[in-house]
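Encoded as structure tokens, the structure appears first; notes follow it.
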There are 2 protein chains.
Amino acid sequence: MPAARRPAPSPTRRSPCPVAGALDLLGDKWTLLVVRDLFAGMKRYGEFAGGMEKIPTNLLADRLKRLTVAGLVTSSAYQDNPPRHEYALTPAGEALRPVMQELVNWGRRHLPGTMVRAEFTGNPADSPFLPAWIKLPGRRRK
Amino acid sequence: MPAARRPAPSPTRRSPCPVAGALDLLGDKWTLLVVRDLFAGMKRYGEFAGGMEKIPTNLLADRLKRLTVAGLVTSSAYQDNPPRHEYALTPAGEALRPVMQELVNWGRRHLPGTMVRAEFTGNPADSPFLPAWIKLPGRRRK
DNA sequence: ATTTATACTTGCAAAAAGCAAGCGACTTGT
DNA sequence: ACAAGTCGCTTGCTTTTTGCAAGTATAAAT
């Protein structure tokens, strides 16, 4: 093999830069939010769709699909009829945890109005990067 | 002040989540690439525009503007006529370094075809997160 | 049998991205 | 002196992506 200077910047890849590559996959307003929710333990479509940011359902379906083909997420059927499946992070998806963590650290320090659920502020161990407001059962209406 | 339960999710803010907040600002394909270039030492418009990802100039201008009003970047005039200025990261922008670093770590491990300039692979101290291929003067055409 | 729920898909309007060309204020070459 | 660049944007326009609302298929609940 004579010249393999640089991997061909595929149609889905602007450049060999790791940042550019990551952004080609994750660089939009929703993808990392569903990753966040996966880290927060969400597994089913309805959970993601019910989150407080109200992601449009067509985009949710699309993002789950893209993350799946990219190998960051698995979808495994938990029932056949109608076909339903659960989503989970693969190791490659799990590997985004430090990115998430740093993004959260940054947001907490530099974005005014950032909040975390009181339940979590106490012991960061429970929720390493504050899923917050992610609706946990009950605990509303006094 | 009676009830300040939660900071008003401003028009530019989908939710009080730090991840959502960060994504409202940085969640697109170009913004973090500009930040990367700033980390790599680029200062002038032409340098950013000349990068290998070929960002459209209208988007470059827009992103620099957005980052500036968001307080992540400063633009200071280095000459008056015609007015020209240099861009640099503020402390808040600098604070994105760990995010960048982790994004790079992730990309290097999980994106096939990711490359770093040979000059840098040796001593990570020089270039903490591999600007790579970012054109350094000369060194082309044999 | 009718209603309700879940997990999507589809259609369409609005917003953002991308491309090329233009423009003002110099600078450089001849 | 004057034409031809260069630099840092802006403008106009087409294409793509987003966001919203409504629809669909299957099944459980009433």
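Because the structure is predicted, anything quoted here is derived from the model rather than measured. For the numbers below, each heavy atom of this structure counts, side chains included, while hydrogens, waters and symmetry mates do not.
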To the nearest Å, how far apart are [X] [atom1] and [N] [atom2]?
{"X": "A:Met42", "N": "C:dT6", "atom1": "CE", "atom2": "C1'", "result": "16 Å"}
{"X": "B:Asn58", "N": "C:dC19", "atom1": "CG", "atom2": "C1'", "result": "8 Å"}
{"X": "A:Glu47", "N": "C:dA7", "atom1": "CD", "atom2": "P", "result": "9 Å"}
{"X": "A:Lys43", "N": "C:dT6", "atom1": "NZ", "atom2": "P", "result": "18 Å"}
{"X": "B:Glu53", "N": "C:dA17", "atom1": "CD", "atom2": "C1'", "result": "16 Å"}
{"X": "B:Lys29", "N": "C:dA17", "atom1": "NZ", "atom2": "C1'", "result": "11 Å"}

* Asked: Who passes side chain to side chain donor-acceptor pair (under 3.5 Å) against B:Asp24, sequence neighbours left out?
  -> B:Arg14
* To do: Please identify each residue that fulfils side chain to side chain donor-acceptor pair (under 3.5 Å) with A:Arg44, with sequence neighbours left out.
  => A:Tyr78, A:Glu86
* Asked: Between the base of C:dT6 and the side chain of A:Arg84, is there any donor-acceptor pair under 3.5 Å?
  -> yes
* Who pairs with A:Trp106 by ring-ring contact (aromatic ring centres under 6.0 Å, His included), at least two apart in sequence or on another chain? -> A:His110
* ring-ring contact (aromatic ring centres under 6.0 Å, His included) against A:Phe48, all qualifying residues, sequence neighbours excluded -> none
* side chain to side chain contact (heavy atoms under 4.5 Å, CB included) evaluation trace for B:Val73 with B:Leu89 -> CA-CA 4 Å; B:Val73 163; B:Leu89 292 167; 4.1 Å; yes
* Which residue lies toward the 5' end of DNA chain D, A:Gln79 or A:Trp30, if each is placed at its nearest nucleotide? -> A:Trp30
* Asked: Are A:Tyr78 and C:dA7 close enough that a side-chain N or O sits under 4.0 Å from OP1 or OP2?
  -> yes
* Are OP1 or OP2 of C:dC8 and a side-chain N or O of A:Tyr87 less than 4.0 angstrom apart? -> yes
* Structure fact -> Numerically ordered, the residues 59-68 of chain A set in heavy-atom contact under 4.0 Å with DNA chain C is A:Ala61, A:Lys65
* Calculate, to the nearest 0.5 Å, the distance between atoms CG and NZ belonging to B:Leu59 and B:Lys65 respectively. => 11.5 Å
* **For chain B, the stretch of DNA chain D it reaches, first to last nucleotide, under 4.0 Å of its heavy atoms** => D:dC7 to D:dG12
* Is it true that A:Glu53 and B:Arg13 make a salt bridge, defined as a side-chain N closer than 4.0 Å to a carboxylate O? -> no
